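What follows is a single structure, written as structure tokens, with notes after it.
No experiment lies behind these values; they were computed from the predicted model shown. Order of the sequence lines fixes the chain letters, A, B, ..., with proteins taken first and strands second; residue numbering starts at 1 for each chain. The analysis underlying the following values was restricted to heavy atoms, covering all of them including side chains, and did not include hydrogens, waters or symmetry mates.
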Amino acid sequence: MNLSILVIVPLLTVLALLFSRGQNAIRWLSFAGVTVQLVLSFVLLAVFWKERAAGNPVSMLFEYRHAWFSALNIDYHVGVDGISVAMILLTAVIMVGAVLVSWKIGPHSRVFFILLLLLSAGAYGFFISLDLFTLFFFLEISVIPKFLLIGIWGSGKKEYAALKLALMLMAGSALVFIGILGIYYNSYGPPSLYWPDIHPAVSVQRIFFPFLFVGFGIFTALFPFHTWVPDGHSSAPTAASMFLAGISMKLGGYGCLRVAIYMMPAAAAEYSPYIIGLATIAIVYGAFATMMQKDLKYINAYSSVSHCGFILLAIGMGTRTAIVGAVMQMISHGLMTALFFAAIGMIYDRTHTRLVEKLGGLLKIMPFTATIFVIAGLCSLGLPGLSGFVAEMTIFMGSWQRPETASRLATILACASIVITAVYILRATGQTIMGPIKDPQYNSLTDASWNEKLAGVLLIAGIVVIGVAPFWLNQLINK
Amino acid sequence: MEASVVVFYILSAFILVTGALAVTSRKIFRSAIWLLFCLTGIAGLYFWLDMQFIAAVQIVVYVGGIVVLIIFSIFLTQQSGKELPPPIRSSAVFSALAVCAGFLLTCILLGQYGRFRVPEPRYDYGGPDMSVSAIGTQLLSTTEHGYVLPFEVVSILLLAAMIGCIVLAIKPKSDEK
Amino acid sequence: MWNGIIVSLRQELMVTGILFLLLFIKVASTESRPGPILTLINVLLTVNLVLGFFPATGATLFNGMFHTDGLIVLEKNILNLGTLIVSLLAYDWLKTHRQMLEFYMLLLATLTGFFFMISAGNLLMFYLGLELSTIPLTALSGFDLEKRQSSEAAMKFIISSAFSSALLLFGISLLYGATGTLGFIEIVHHLDGSAFQLFAFILLFSGFAFKVSAVPFHLWTADVYEGSPVPVTAYLSVISKGAVFFIFVQTLYTVFKPMAGDWRRILVLISVLTMLTGNLFAIRQNNLKRLLAFSSIVQSGFILAGMSGSSRTGDASVVYFILIYIFSNLGAFGVVALISAQTGRETIDDYKGLYTHNPLLSWVMAISLFSLAGIPPTAGFFGKFFLLMAAAGRGNYVFISIAALNMVISLYYYLRVIKAIFMDKQPEPIGKLKVPLLPNIAFAICLAGILVTGLAGWVYDYIYSLSIGV
Amino acid sequence: MIPLHYILFVSTGLFFIGMFGLFTRRNMITMLMSVELILNSVNINFVAFNKYLYPEKLAGVFFSLFIIAIAAAEAAVAIAIIINLYRNIRSIDVEAADELKF
Amino acid sequence: MPNTAYIILIPLLPFIGFVILGLFGRKYIRSFAGAIATGLLLVSTALSLWVAYWYFFVGGMVNGAYRPVTALKLEWLSFSHDLSIDMSIILDPISVMMIVVVSLVSLMVHLFSLSYMKGEERFATYYAFLGLFTFSMLGLVVSGNIFEIYIFWELVGCSSYLLIGYYYDRPTAVAAAKKAFIVTRFADLGFLVGILILSFQAHTLDFNILISRLLSAVMNPSDAGLASFWGVSLISWGLILVFIGGAGKSALFPLHIWLPDAMEGPTPVSALIHAATMVVAGVYLVARLYLLYALIDPAVTQIILYAGAISALLAAIIACTQTDIKRVLAYSTMSQIGYMMFALGTYHPGEDPALGYTASLFHLFTHAFFKALLFLCAGVIIHNIHSNEMKDMGGLRKSLPLTHACFLIACLAIAGIPPFAGFFSKEEILLAAWNSNKLVYGIGLFTSGLTAFYMFRLYFSVFWHKPATGHRHRQPLVESLPLVILALGAVFAGFIPFSRFVTASGFPDKPSGIGTNAIAPVLIAAVGIGIAAWLYAKASDRPAKAAASLRGLYTFAYHKFYIDELYLFITKKIIFNCIGRPAAWIDRNIVDGFINGVAITTGRISTAIKGVQSGRVQDYAWFFFIGIAGLAVLFIYIVT
């Protein structure tokens with residue numbers, strides 16, 4: 001299968017959008033586009049599975065290589081393994097959801113969808129690229145559209161948030177960039193950026209691992225560089241929040257994973273105490289910070305900080321199980337948080353507030369939305385049968401394999417955070433979804449429309465499928 | 001002590017002094033005149049180096065051209081009698097210090113550089129052909145030591161400068177009415 | 001021999017030809033209708049551009065004073081392209097300007113100067129080319145005769161450039177004294193890297209640094225850019241800077257090769273200073289021209305960084321980046337020129353809410369700025385990447401880190417403009433502007449360049465094949 | 001006979017006198033004059049080098065010739081600009097022309 | 001053995017009910033939602049009875065002992081080659097006993113709710129939740145993998161959350177649900193870490209393998225399994241933590257605070273959660289790992305023993321002072337669970353067969369019947385009085401004769417009056433306690449007296465106390481049928497020779513005959529009933545006097561020993577104010593402040609240096625000159 005299609009399809013959709021006329025045309029075109037993406041990603045899953053079943057042992061499948069800047073030995077080089085396939089699936093699902101929830105987006109809807117699709121193109125490209133240059137290219141592509149999406153269609157202090165996000169992510173990619181240069185000039189043999197087999201000397205790793213890891217870490221809210229997350233998420237339009245939390249933070253996680261496990265395992269082992277420490281801080285402290293939030297989006301943003309901490313924790317632990325758990329957590333958190341933001345968006349569109357104390361008794365008014373919200377919440381606090389549980393338990397199991405007392409304590413703290421999660425999730429749910437209706441004029445509000453329902457059902461389906469039958473994902477990642 | 005040495009000292013003293021006066025005199029018209037003297041002195045230095053041609057050019061172009069131009073522009077822009085505003089003392093002092101420092105630095109570097117330690121010009125090859133005709137032919141020849149290309153370039157440059165002057169100095173119609 | 005001359009000098013000859021043609025037109029015609037003449041001129045420039053692309057072989061003429069090769073021809077073509085775009089963009093401004101023809105004459109004179117400077121084979125030719133380009137430029141920057149700022153800019157420009165060229169000359173004279181020759185090829189053999197020669201080199205270097213507005217020789221830049229008419233500013237910021245960079249790289253890489261160790265350090269220092277200062281000044285500018293001036297200073301900093309790599313990659317990356325830089329910067333300046341010509345508004349606050357009425361212009365501006373900031377998929381990303389890659393070749397990662405940091409800072413003020421255009425509101429935003437045909441063509445060229453140059457890897461590979469290292 | 005570097009000292013002195021003028025003079029025309037002084041010092045250098053060290057070619061002399069020519073052109077343009085500026089701000093004091101700053 | 005895959009239907013049918021009702025109940029089939037759920041559950045109850053019959057009388061016994069039968073095993077999620085979560089169903093005496101109890105009680109509740117919850121707006125949702133709860137509970141009891149049990153454990157917690165918070169528009173209900181979930185969640189943290197420890201030590205998650213491996217690890221201490229932390233071996237840590245998990249679900253002191261509040265749910269739900277199912281999960285868990293608790297570390301056994309005893313006593317005391325009928329029942333539940341728990345702690349080496357084990361589970365079994373019965377009766381009463389407060393009741397014996405009879409039976413049973421079910425089980429527990437620890441025996445004895453007292457206090461003040469009034473209410477069959485069935489259970493369950501079937505070793509054991517030691521408890525109980533009758537049979541000021549006479553203790557107990565307040569203090573004051581707020585503040589002001597500070601500083605610098613660009617061309621020349629001089633000096637004299 002030619003992986004570049006994944007990048008081309010969104011671009012074609014963008015092209016089509018440029019020449020489309022009329023609201024409906026734009027909506028349906030983008031919807032068609034993302035649907036095609038979804039189908040493609042499932043096809044990819046199928047063919048990948050077939051290859052593996054046929055016993056193809058190559059680490060990267062469907063490789064395609066085209067000399068890009070042959071003078072510098074830089075290629076456009078793509079290929080996938082199980083992890084990438086999983087991430088691609090995630091992206092496709094979330095994109096469909098994102099387009100559906102922004103069905104009635106405000107002015108310049110054409111530009112909105114174009115930017116959204118560009119983002120998705122960037123994400124696909126990032127997940128399939130095997131050449132660090134290509135990877136970096138796609139990583140940076142995904143920064144600016146976010147800035148515009150937040151700044152134009154956002155709410156609250158959107159300009160500030162947008163600038164902050166863009167600058168911090170840019171700083172992150174600058175670090176990555178330095179790391180890449182370091183690898184380029186210090187890889188064995190001729191300068192090369194083909195990451196599946198660059199194995200720099202340990203001394204080199206020691207220097208450049210922090211650059212790459214922190215750089216990617218900023219994308220996935222590595223403490224203390226997470227402060228773009230609350231502002232960015234909370235002032236972004238729903239679809240953008242979904243993408244940010246669902247996919248864009250995973251770009252960082254994915255990057256960290258590749259760096260720590262595939263490129264620089266030695267350095268990763270050396271730095272693991274720091275990684276674990278920071279991750280644990282992020283988990284616990286993020287959870288506590290969440291307890292104090294009043295704004296639903298802030299709640300979810302901070303909980304994202306906490307949840308992404310699990311990813312980094314697992315990467316820091318580095319045991320095989322933990323890594324599987326990290327990927328599962330990426331997928332699970334992606335779906336879950338996207339669902340959460342979708343629900344919050346639906347509530348906000350109707351009640352025009354996100355403040356917990358202003359809301360109440362939504363279950364009576366908009367049962368469907370409320371149910372989505374509750375399910376997202378339950379997933380976030382790790383209820384069995386939903387994806388969150390599987391991921392977190394895998395991470396805990398994997399982390400416990402590290403015998404040092406310190407990492408054991410870190411694991412216990414991480415476990416403890418799921419109690420705190422329960423606290424803030426239940427508080428939010430109890431005050432917004434349950435309880436008496438605070439504002440009489442809410443009684444006139446309507447429940448989710450068909451597109452919102454579709455989006456919710458899609459994401460919930462993803463969550464439940466993973467939660468009830470995790471073994472397939474497990475195998476996919478392990479292959 | 002030969003005459004030429006004396007001449008050199010006199011000339012250089014003259015150049016430096018008049019130059020200094022030219023940049024310090026408070027009367028702009030006078031400083032223009034001091035500049036004139038200085039340039040003439042430099043021409044004299046060329047004569048002393050028996051580079052007659054370049055000395056002549058110096059006199060013609062500078063003394064006859066540029067200085068006159070400057071004087072005219074002075075007349076255009078302000079009445080000659082008026083004194084110039086004195087320089088801000090601090091800046092003057094600083095400039096003096098900086099300039100002296102720079103001078104010392106450069107002189108040290110020049111003095112240290114072995115290659116320049118030559119007591120007198122070389123005559124071993126029989127002196128360059130400094131006749132005007134020789135220079136003229138060389139200026140327009142494309143052969144060895146030919147300077148036709150720079151010559152053409154300079155001509156374009158002068159043309160461009162001319163156009164520029166016209167454009168800038170021409171009185172805008174708006175002013176006339 | 002004449003064939004050789006004509007073939008090798010065809011670009012210079014062509015430009016000079018147009019110059020004289022215009023002179024005749026000026027002298028002959030009593031009153032001139034701007035429209036057709038402008039079109040004619042642009043056509044001529046296009047022809048000139050096309051002619052430039054004829055295959056060229058390296059040659060050295062006039063006993064070493066004039067020298068050309070594949071890379072130099074390419075560089076001249078790049079300059080031709082830039083000039084064409086500038087003249088297309090200047091349309092709105094010139095339509096109404098009285099001395100339109102003189103503008104072009106001076107412009108072409110400058111271009112000729114750049115050509116001779118680039119393919120100079122000795123210091124004399126280099127100096128002549130430099131002056132031939134500088135003097136008309138100063139005249140050009142004072143071209144808005146009634147505008148006080150314009151003439152002030154011209155004054156600052158001519159005085160500081162006279163000063164700098166004087167210092168440059170002093171350096172040249174010392175170098176002549178030290179080596180006894182002016183020819184580039186001969187000089188190399190007489191360089192011993194002694195203190196005195198280093199001093200001469202530094203004087204020479206300052207001349208270059210002044211032209212490419214590297215800190216601390218940059219102070220004229222902002223004022224002149226702000227004061228001059230926008231097309232002139234655009235020309236200054238890309239063509240002049242680009243040309244000087246071309247000859248700068250050549251000189252350093254070939255003539256001063258023996259001093260590589262020294263000038264590499266100097267370059268690193270200067271480039272750090274340039275990037276930092278440029279950024280620090282840029283973040284608080286409100287006038288867009290001034291902002292772009294400082295941003296162009298920062299860009300020079302990056303180019304210097306690339307040069308300091310002193311490898312073949314460095315050489316290629318500089319040329320490549322300047323090509324990209326022409327597209328990006330001219331795209332941005334084009335929008336500014338159009339708007340200031342039609343509304344006279346130039347500050348960022350004026351641009352608030354531009355998007356509401358002029359989405360197209362806004363996007364041109366945005367994409368150009370992204371390219372300047374080095375955001376993929378625009379070409380600027382690739383340019384910056386390769387420049388810093390070249391710089392990293394020397395293993396000085398502190399330097400690289402500073403450069404990367406500066407990329408982030410510079411993003412900030414580009415985003416400020418984007419924010420003003422797309423997100424902010426103001427009571428009376430700039431109304432719908434009509435974009436004439438020629439500027440539209442220019443915008444199309446710029447956008448095409450921005451999007452294609454980077455993604456099409458062969459462009460870089462081609463330049464690389466022509467370029468040389470230390 | 002006078003050794004070379006005496007002459008060089010003279011020219012350098014002239015050079016820095018010019019620079020001093022450029023720093024302290026606030027009248028544009030006088031600044032221009034200072035620049036001319038600097039150029040002249042350069043000319044002296046060229047001629048002296050040519051005479052003392054490399055007499056077999058006239059490179060230095062020609063260079064100074066061209067410098068003179070260009071100096072004339074530069075002065076002309078400069079004066080034109082100054083006059084134009086004078087039209088606009090009614091002054092030829094550099095301090096007066098500082099509208100563009102920061 | 002025959003194909004036992006059908007057993008999966010027992011938990012699955014309620015789940016199917018949940019899915020159907022959850023998806024379509026709201027709109028399409030709400031009218032007969034109850035019927036569907038009940039029907040499905042009926043089937044699975046029948047199946048479980050059949051399984052019980054099959055296991056105990058046909059297939060279970062292998063050469064003289066009941067051996068665990070693995071009915072089903074699917075790999076669900078494999079962490080590594082040896083650690084994997086399997087969805088498995090194992091049958092052994094206790095699991096079989098439990099599925100019978102759970103499905104039976106749940107069925108009763110389903111039936112009862114048919115009329116009790118009729119007309120509720122979210123009728124279908126209610127049954128969906130019931131189905132989910134039943135499914136999780138059944139899954140919990142049959143699971144043969146410690147992680148599987150954790151999964152269902154969590155599901156039980158969640159579904160109980162949903163059920164308690166069923167009246168979601170009442171803030172109290174929401175708060176109660178939240179409290180229940182969070183407290184148990186907190187306990188589950190211990191469970192989870194315990195699982196991590198044990199599984200890491202034993203390299204497996206399967207119960208039976210786990211037990212055998214850990215036992216062998218302890219037998220030969222050279223094994224790394226005895227790595228210790230703070231002087232206590234990791235295995236003991238693991239066991240303690242797992243026990244904490246159990247204590248949370250079983251509302252042992254001090255983790256019991258959620259239980260009384262949980263009465264906010266509909267009364268049948270209370271019956272389901274408190275009588276037979278969720279609260280006994282902890283007991284069940286400990287029983288599952290009984291061998292480990294009994295054999296590995298006597299200290300752990302002691303912890304269980306005292307935790308059980310103390311909560312039994314405390315709960316009984318508090319129960320005497322409560323006035324809300326459901327709360328009294330709740331505390332009585334807690335107290336009974338305490339009995340079961342300390343019965344499990346009574347083991348001490350050399351005593352075999354473990355009498356406490358059998359006794360505890362026997363009590364669990366009987367308790368299910370009479371406690372469910374009590375709650376359902378309470379439901380009927382509340383339905384008629386529309387109040388939970390005892391003072392609004394009284395003299396109902398005429399108007400609700402059936403309920404009266406059932407309630408009386410249940411009270412007798414719980415008070416341990418022969419020949420009712422409670423008598424036998426409690427008697428065995430006390431016997432076990434007597435053999436193991438006299439102090440605990442004393443506590444147990446006293447508690448049983450208290451039990452009798454407060455139950456009859458309840459009974460009298462509801463049915464007597466005032467002159468009997470009112471005509472008798474008609475009770476629909478679906479309400480009275482469960483009462484009758486459960487009442488029969490409460491009467492006759494005691495006669496089952498329990499120790500034949502359920503023993504720690506699996507080998508049947510002869511029923512321990514009723515001996516002289518049965519006299520004391522019965523007497524105490526009788527005394528308790530007497531006092532209750534004296535105080536509450538007729539309206540009088542005696543109770544007030546009694547309360548006044550031991551004022552301090554009374555108020556202390558009335559306020560549930562201020563444990564709630566303590567918790568409130570810890571959470572609100574300490575966790576929120578001392579950790580949460582600072583965390584949020586630090587994030588906004590320090591971490592984020594730093595990031596913003598960088599930006600601000602940059603801005604400051606740029607303003608500070610703007611003077612360089614003074615606009616005066618001479619200054620520019622200056623800088624030019626300085627630049628050259630600097631470069632020259634730097635690179636000619638300093639560098640190189």
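Within 6.0 Å of CZ on F37(B) lie no more than 12 heavy atoms contributed by other residues, nucleotides or ligands. Within a 6.0 Å radius of CZ in F14(B), more than 12 heavy atoms belonging to other residues, nucleotides or ligands are found. Heavy atoms from other residues, nucleotides or ligands lying under 6.0 Å from CZ of R117(B) number more than 12. Open room surrounds CZ on F186(E); 12 or fewer heavy atoms of other groups in view lie less than 6.0 Å from it.
Contacts from residues 586-619 of chain E to chain B, taken as heavy-atom pairs separated by less than 4.5 Å, involve no residues at all.
Here the CD1 atom belonging to I108(B) is positioned 10.5 Å from the CD1 atom belonging to I636(E), to the nearest 0.5 angstrom.
Taking all atoms of both residues into account, the shortest heavy-atom contact from W622(E) to A98(B) is CH2-CB, 3.6 Å.
Among A101(B), G102(B), S95(B), the residue with the largest count of heavy-atom pairs under 4.5 Å with chain E is S95(B).
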